[in-house]
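Side chains included, hydrogens not; waters and symmetry mates left out as well; all remaining heavy atoms used. Here the structure is a predicted model, which means the values were calculated and not measured. By convention in this document, chain letters (A, B, ...) are assigned in the order of the sequence lines, proteins followed by strands, and residues within each chain are numbered from 1.
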Number of protein chains: 2
Amino acid sequence: MVDVPDIVIGRLPIYLRELTRLAEEENQTTTSSHELGQRLGISSAQIRKDLSHFGEFGKQGTGYHINYLIEQLREILHLTQEWPVALIGAGYLGHALAHYDGFKPRGFVITCVFDNDPRKIGENLNGLVVSDIHDMESIIQEKNIKIAILATPANTAQEITDRLVKAGVKAILNYAPIHLNVPPDVQVSYSDPVVQLQRMTYYLTP
Amino acid sequence: MVDVPDIVIGRLPIYLRELTRLAEEENQTTTSSHELGQRLGISSAQIRKDLSHFGEFGKQGTGYHINYLIEQLREILHLTQEWPVALIGAGYLGHALAHYDGFKPRGFVITCVFDNDPRKIGENLNGLVVSDIHDMESIIQEKNIKIAILATPANTAQEITDRLVKAGVKAILNYAPIHLNVPPDVQVSYSDPVVQLQRMTYYLTP
DNA sequence: AATTATTTGTGAAAAGTTACACGAATCACT
DNA sequence: AGTGATTCGTGTAACTTTTCACAAATAATT
């Protein structure tokens with residue numbers, strides 16, 4: 001279990017999401033690697049191989065008990081605790097993230113919001129008061145926050161990242177359209193809509 | 001040039017983004033695969049291999065002329081035209097996307113916005129009037145739109161996707177937390193912040 | 001009880017991706 | 001003009017990831 005490829009880890013949240021759907025919307029208690037793969041456009045063999053890195057969760061002839069597999073995946077992904085998250089940036093995107101109701105049921109709670117714009121500081125954002133970015137480090141350390149969502153313009157992103165890392169943050173979800181330099185023990189995940197659109201236009205005929 | 005791996009295509013927009021930065025912010029006219037790789041955390045050999053799928057853009061001893069390489073990448077990715085984009089969903093996320101000023105300079109223009117909520121229809125969203133989703137197909141076909149951004153709740157996403165595909169859309173950027181089923185000639189790109197966070201928590205010690 | 005149909009977990013093969021390393025071209029400097 | 005330093009493009013090797021295919025276990029059916 002020591003050295004599971006990151007590409008495998010990246011699929012586990014997608015399995016978890018679809019399993020939750022199967023349980024909640026289709027009211028199923030059991031599924032198979034074949035059914036899950038069908039629904040996700042992934043081969044059944046890949047799903048079985050992925051899961052086999054962590055143990056034996058299925059039963060020949062039957063498949064997987066959905067609630068049990070959900071529980072196992074939540075443990076593997078360290079989702080048995082709720083993770084507090086710092087949100088940096090209270091612009092339109094910050095608003096959208098602060099109001100998103102999909103975080104809580106899947107393990108995350110936005111706990112504080114920061115901005116450097118005096119007009120935004122003090123604003124109430126879905127129950128959270130926007131704090132001065134000057135206080136970012138102290139609040140993050142006080143609340144022992146390890147995850148941040150970066151929703152600022154590109155020109156401040158690296159500078160804020162450096163401050164987040166110094167404050168002890170170990171995972172950053174970056175919405176700014178820029179590559180971030182971080183130490184090897186800090187995770188970064190990127191979300192630049194234009195990069196995603198440009199990848200797709202390659203396949204389109206102009 | 002016929003069969004370039006998708007994983008290579010996915011890196012080209014990142015090269016393009018960093019090259020633009022080098023040109024605009026660092027005022028450089030020339031760079032090397034080594035410098036570009038350093039800045040992006042990618043090996044120089046990989047950058048050269050990636051580019052070699054499409055031609056020979058560099059010069060031994062010198063490297064790459066940035067503006068020329070940008071132009072070539074824009075042609076490869078079909079970014080010499082501006083792409084009109086339909087935005088589905090005028091909630092908080094729709095607002096954020098409609099106000100994002102990063103689309104235009106990188107090749108995309110949100111041209112129409114749809115929602116099914118009567119309170120939102122008619123609303124002015126950064127210069128765009130929100131249309132009734134009932135009119136989605138006719139407007140998309142009339143404007144010959146091939147790209148859509150899906151910013152709706154999960155429970156309507158597949159149904160709207162089916163309608164988009166019927167209307168001729170060939171690329172969908174999906175923010176709803178759900179896998180979409182589409183025909184093989186339609187591209188889908190996913191952006192679910194929770195999936196990205198969950199991938200990172202695997203590496204965090206709880 | 002025996003037979004047939006499912007389905008898992010996995011070793012081995014196949015396919016895909018990345019890194020290495022080097023010839024060749026170019027540039028900078030003496 | 002010659003020497004040394006850069007840098008590209010690329011064939012090959014190393015590594016990673018996916019697919020295949022099958023024994024073993026279970027369930028359903030006769």
Side-chain angles (χ1 to χ4, degrees), chain A residues 1-15 18-19 22 28-73 76 179 184 199 202-203, chain B residues 1-15 18-19 22 28-73 76 179 184 199 202-203:
Chain A
M1 201 198 284
V2 219
D3 188 24
V4 182
D6 179 63
I7 195 154
V8 172
I9 304 303
R11 282 189 293 263
L12 301 185
I14 293 167
Y15 300 161
E18 193 65 27
L19 287 165
L22 277 167
Q28 284 183 222
T29 60
T30 286
T31 189
S32 65
S33 60
H34 183 75
E35 182 183 42
L36 195 56
Q38 279 270 299
R39 295 178 65 107
L40 293 174
I42 291 176
S43 81
S44 61
Q46 179 157 83
I47 292 174
R48 293 198 301 277
K49 240 312 192 267
D50 285 353
L51 297 176
S52 77
H53 284 98
F54 302 96
E56 308 194 356
F57 307 118
K59 206 172 173 185
Q60 280 113 324
T62 310
Y64 301 91
H65 190 287
I66 292 178
N67 284 339
Y68 175 69
L69 187 50
I70 286 175
E71 209 36 61
Q72 295 299 307
L73 286 172
I76 292 165
H179 174 86
R199 178 185 202 146
Y202 172 78
Y203 299 99
Chain B
M1 201 197 283
V2 221
D3 189 23
V4 182
D6 180 64
I7 195 156
V8 172
I9 304 303
R11 282 189 292 262
L12 300 185
I14 292 167
Y15 300 161
E18 194 64 29
L19 287 166
L22 277 167
Q28 286 183 220
T29 60
T30 286
T31 189
S32 64
S33 60
H34 183 74
E35 182 183 41
L36 196 55
Q38 279 270 300
R39 295 179 65 106
L40 293 174
I42 292 177
S43 81
S44 60
Q46 180 157 83
I47 291 173
R48 294 198 301 277
K49 236 326 188 257
D50 285 353
L51 296 176
S52 76
H53 283 100
F54 302 96
E56 308 194 356
F57 306 119
K59 208 174 174 183
Q60 281 112 323
T62 311
Y64 301 92
H65 190 287
I66 292 178
N67 284 339
Y68 175 70
L69 187 50
I70 286 175
E71 209 37 62
Q72 294 300 307
L73 286 172
I76 291 165
H179 174 85
R199 179 185 199 145
Y202 173 78
Y203 299 99

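Sequence neighbours left out, not one pair with a member in residues 58-68 of chain A passes salt bridge (charged side-chain N to carboxylate O under 4.0 Å, His left out).
Mapping heavy-atom proximity under 4.0 Å, the span of DNA chain D touched by chain B runs 5' to 3' from dT6(D) to dT12(D).
Among residues two or more places apart in sequence or in another chain, the side chain to side chain contact (heavy atoms under 4.5 Å, CB included) test is passed with Ile14(A) by Arg17(A), Leu40(A), Val195(B). Judged as a side chain to side chain contact (heavy atoms under 4.5 Å, CB included), and not counting sequence neighbours, the contacts of Ser43(A) are Ala45(A), Gln46(A). Under the rule for a side chain to side chain donor-acceptor pair (under 3.5 Å), the partners of Ser44(B) that lie at least two apart in sequence or sit in another chain are Arg48(B). Partners of Glu35(A) under the side chain to side chain donor-acceptor pair (under 3.5 Å) rule, at least two apart in sequence or in another chain, are Gln28(A), Thr31(A). Among residues two or more places apart in sequence or in another chain, the side chain to side chain donor-acceptor pair (under 3.5 Å) test is passed with Tyr203(A) by Asp6(B).
Nucleotide dG9(C) holds its P atom 7 Å from the CG atom of Leu51(A), rounded to whole Å.
Residues from residues 33-49 of chain A lying near DNA chain C, meaning a heavy-atom separation below 4.0 Å, are Ser33(A), Arg48(A), Lys49(A) in numerical order. Residues from residues 5-15 of chain A lying near DNA chain D, meaning a heavy-atom separation below 4.0 Å, are Pro5(A), Ile7(A), Arg11(A) in numerical order.
Residues Leu51(B) and Leu73(B) have side chains in contact (heavy-atom distance under 4.5 Å, counting atoms from C-beta outward).
Lys49(B) and His53(B) make their closest contact through O-ND1, 3.2 Å (heavy atoms, listed as atom of the first residue, atom of the second, distance).
Between its two ends, the helix from dA1(C)-dT30(D) to dT30(C)-dA1(D) turns its axis by 10°, counting five pairs per end and rounding to 10 degrees.
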For Val4(B) and Asp50(B), run side-chain contact (heavy atoms from CB on, under 4.5 Å): C-alpha distance rounded to whole Å, both residues' side-chain angles, the deciding distance at 0.1 Å, then the answer.
CA-CA 9 Å; Val4(B) 182; Asp50(B) 285 353; over 6 Å; no
For nucleotides 25-30 of chain C, give me one character per nucleotide, 5' to 3': B if any protein heavy atom sits under 4.0 Å from the base, S if the only such contacts are to the sugar-phosphate, - if neither.
BBS---
Show which side-chain atoms of residues 60-68 of chain A pair as donor or acceptor with protein atoms under 3.5 Å away, not counting sequence neighbours.
none

